[in-house]
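A quick write-up on the structure given underneath.
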Amino acid sequence: MSTKIGVIESRWHDATNGIKKNTTVKPLFDFLSDLHFGNHHAYDYEMVGTQGAFVSALERVARSRATTIAYLAMHGSDDGLHLHGGDRISRTILKNTLLRITSENGSNLTGLYFGSCLFGSRALAEYLFKNNASVTWIAGYQESVDFVTSSGLDLLFFNTLIAVRCESPTLTNLQKIQEVARRIRSQMQGLCNSPLENGDPRTGLGFSIYVNRRGRTRGARDLLRDY
């Protein structure tokens with residue numbers, strides 16, 4: 001796989017009553033890797049617990065010649081990503097890290113995917129695009145989401161993305177993510193909608209895929225809604 005996914009994950013559960021849970025998204029990517037490439041090694045994986053470890057892992061992923069997408073799997077809120085060591089990754093830390101990587105050694109990242117609650121908002125995407133974060137697209141959740149349901153959508157997203165890459169390798173990065181968004185709109189729009197959009201507080205994950213809007217109306221364009 002010449003264009004890998006870099007998975008950066010933080011532990012989801014602290015030990016409760018002496019019981020330590022090893023919940024992880026890793027089996028999702030083992031499955032996708034085996035399904036499409038016949039082994040479990042077609043993606044990169046990092047586990048982090050502190051701000052310094054997160055920054056170092058993102059630097060390694062972004063500087064890799066093969067890795068083009070960073071999947072950040074950890075707890076989130078409106079004001080940042082939360083690591084199991086207690087540190088918070090604010091949008092400013094994220095932006096500064098991406099800009100430093102790009103200016104010092106260059107970055108091969110084309111996409112950022114936030115596998116976390118609440119952090120993947122239009123405001124975050126516009127903030128990163130406005131500050132020239134060198135990615136083509138940003139995806140994530142604006143709602144507080146169920147782990148199993150959101151993991152299912154994550155699996156469907158990356159399976160679709162890999163399929164588009166394999167079927168249409170000559171498309172630009174923007175064209176590829178646009179095709180991914182088109183298929184997702186066609187097959188699973190209700191799952192991506194917010195509960196308000198679905199008119200049912202029990203449904204919808206508030207999932208979006210943003211690209212940088214060009215021209216006079218600059219900002220983040222949501223490919224699942226602004227089309």
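Just so you know, these numbers use all the heavy atoms, side chains as well, and skip hydrogens, waters and symmetry mates.
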- Query: Is the charged tip of R185 near the ring of Y227: under 6.0 Å from the six-membered ring centre and within 45° of its axis?
  - Reply: yes

- Task: Go through K176 and E179 one step at a time and tell me if the salt bridge (Lys or Arg N to Asp or Glu O under 4.0 Å) criterion holds.
- Result: CA-CA 5 Å; K176 287 174 184 174; E179 175 58 17; over 6 Å; no

- Message: Could you work out, with ring pair (Phe, Tyr, Trp, His ring centres under 6.0 Å) as the rule, every residue matching Y113, not counting sequence neighbours?
- Response: Y71, F157, F158, F207

- Item | Considering all heavy atoms, the nearest A70-V61 contact | CB-CG1, 4.3 Å

- A73 and V25: which non-hydrogen atoms are nearest, and at how many Å? CB-CG2, 4.0 Å

- Message: Using modelled atom types and a 3.5 Å cut-off, is there a donor and acceptor pairing between side-chain atoms of T24 and backbone atoms of K26?
- Response: yes

- Message: Within the structure provided, determine whether L223 and V211 are in side-chain contact (heavy-atom separation under 4.5 Å).
- Response: yes

- Message: Test your reading of the model: is there a side-chain donor-acceptor pair from S107 to the backbone of I101, 3.5 Å cut-off?
- Response: no

- Query: Donor-acceptor pair, S56 side chain versus A53 backbone, under 3.5 Å?
  - Reply: no

- Message: Is the shortest side-chain heavy-atom distance between L94 and L128 below 4.5 Å?
- Response: yes

- Query: What's the spacing between L58 CG and I8 CD1 if we round to 0.5 Å?
  - Reply: 5.0 Å

- Item | Where R100 and E59 come nearest, the two heavy atoms and their spacing | NH2-OE2, 2.8 Å

- Message: Any non-hydrogen side-chain atom of N193 less than 4.5 Å from a side-chain atom of T203?
- Response: no

- Message: In the structure I gave you, are the side-chain heavy atoms of L109 and T136 within less than 4.5 Å of one another anywhere?
- Response: no

- Query: Okay, side chain of D34, backbone of D30: is any donor-acceptor separation there less than 3.5 Å?
  - Reply: no

- Atom of K21, atom of R11 and distance for their closest heavy-atom approach: O-NH1, 3.3 Å

- Task: Give a yes or no answer on whether the side chain of D87 reaches the backbone of Q51 with a donor-acceptor pair at less than 3.5 Å.
- Result: yes

- Message: So R65 and N108, do their side chains get closer than 4.5 Å, heavy atoms only?
- Response: yes

- Query: Between R88 and L83, is any pair of side-chain heavy atoms under 4.5 Å apart?
  - Reply: no

- Side chains of D44 and F29 in contact at under 4.5 Å (non-hydrogen atoms): no

- Listed by chain and number, what are the ring pair (Phe, Tyr, Trp, His ring centres under 6.0 Å) partners of F31, not counting sequence neighbours? none

- Could you tell me which non-hydrogen atom of Y43 sits nearest to which non-hydrogen atom of V7, and how far apart they are? CD1-CG2, 3.9 Å

- Stepwise salt bridge (Lys or Arg N to Asp or Glu O under 4.0 Å) test for E126 and R213: CA-CA 9 Å; E126 290 187 341; R213 193 192 300 271; over 6 Å; no

- Query: Taking side chain as C-beta onward, heavy atoms only, is I177 less than 4.5 Å from L174?
  - Reply: yes

- Item | Atom pair CE/CZ of M188 and R183 - distance to nearest 0.5 Å | 10.5 Å

- Backbone N/O of D79 and side chain of R91: donor-acceptor pair under 3.5 Å: no

- Message: If you compare all heavy atoms of S208 against all heavy atoms of D222, which two are closest, and at what distance to 0.1 Å?
- Response: OG-OD2, 2.9 Å

- Task: Verify side chain to side chain donor-acceptor pair (under 3.5 Å) between H75 and S10, making sure each step is shown before the conclusion.
- Result: CA-CA 8 Å; H75 288 296; S10 191; over 6 Å; no

- Query: Can any side-chain N or O of D226 pair as donor or acceptor with the backbone N or O of R221 at less than 3.5 Å?
  - Reply: no

- Query: With no hydrogens and no angle check, is any side-chain donor or acceptor of S33 less than 3.5 Å from a backbone partner on A42?
  - Reply: yes

- Item | T160 side chain vs L156 backbone, donor-acceptor pair below 3.5 Å | yes

- Taking it one step at a time, do H36 and N159 satisfy side chain to side chain donor-acceptor pair (under 3.5 Å)? CA-CA 9 Å; H36 289 280; N159 186 62; 2.7 Å; yes

- Donor-acceptor contact present, side-chain T149 to main-chain D146, <3.5 Å: no

- Query: Applying the 4.5 Å side-chain criterion to the ILVMFWY set and letting contacts propagate, would L99 and I138 be lumped into a single cluster?
  - Reply: no

